[in-house]
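Data first, discussion second: the structure below is written as structure tokens.
Values below: all heavy atoms of this structure, side chains included; hydrogens, waters and symmetry mates excluded.
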Amino acid sequence: MEQIPDLGKNSLGKPDPWARVRGLAWWQLVLSIVPILLLSVGGAIGGAIGAAGLFANLSLARKPFGTPVKLLAMLGVVLASYLGYLLVVGLAYNLLKG
């Protein structure tokens, strides 16, 4: 019986950090990376929300949905990331400035 290779490991048996992005279409990569751009704008808060969006989009990219559904869902995650960031920052600003 043939062994199925573990795509999450490289040839030395170490974890492959790029396994999540291998085999994705270019538009899936772009939509996955866009939320993490919040890191440059929002520091730790933006980075945390952006990382959540990035991992959500990477997960959606691997689901067996049709392309239009996958595209809309990933765009929704990007929009939710940015709106979530604005909401958290707005609430923090109002709490601190009273």
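- No chain of hydrophobic side-chain contacts below 4.5 Å, direct or via other Ile, Leu, Val, Met, Phe, Trp or Tyr residues, connects L24 to L60.
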Which donor-acceptor pairs under 3.5 Å do the side chains of residues 72-84 make with protein atoms, sequence neighbours left out?
{"residue": "S81", "atom": "OG", "partner": "V77", "partner atom": "O", "Å": "2.8"}
{"residue": "Y82", "atom": "OH", "partner": "V34", "partner atom": "O", "Å": "3.0"}

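- Distance check: L31 CG to W26 CH2 gives 8.0 Å after rounding to the nearest 0.5 Å.
- The CZ atom of R20 sits 12.5 Å away from atom CG of N57, with the distance rounded to the nearest 0.5 Å.
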Can you give the donor-acceptor pairs under 3.5 Å from side chains of residues 36-43 to other protein atoms, not counting sequence neighbours?
{"residue": "S40", "atom": "OG", "partner": "L37", "partner atom": "O", "Å": "2.8"}

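- Counting only distance, with no hydrogens or angles, the side chain of K70 and the backbone of K63 share a donor-acceptor pair below 3.5 Å.
- In this structure, the side chain to side chain contact (heavy atoms under 4.5 Å, CB included) partners of V21, at least two apart in sequence or on a different chain, are W18, L29, L58.
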Could you pull out all donor-acceptor pairs under 3.5 Å where a side-chain atom in residues 85-95 meets a protein atom, sequence neighbours excluded?
{"residue": "N94", "atom": "ND2", "partner": "G90", "partner atom": "O", "Å": "3.4"}

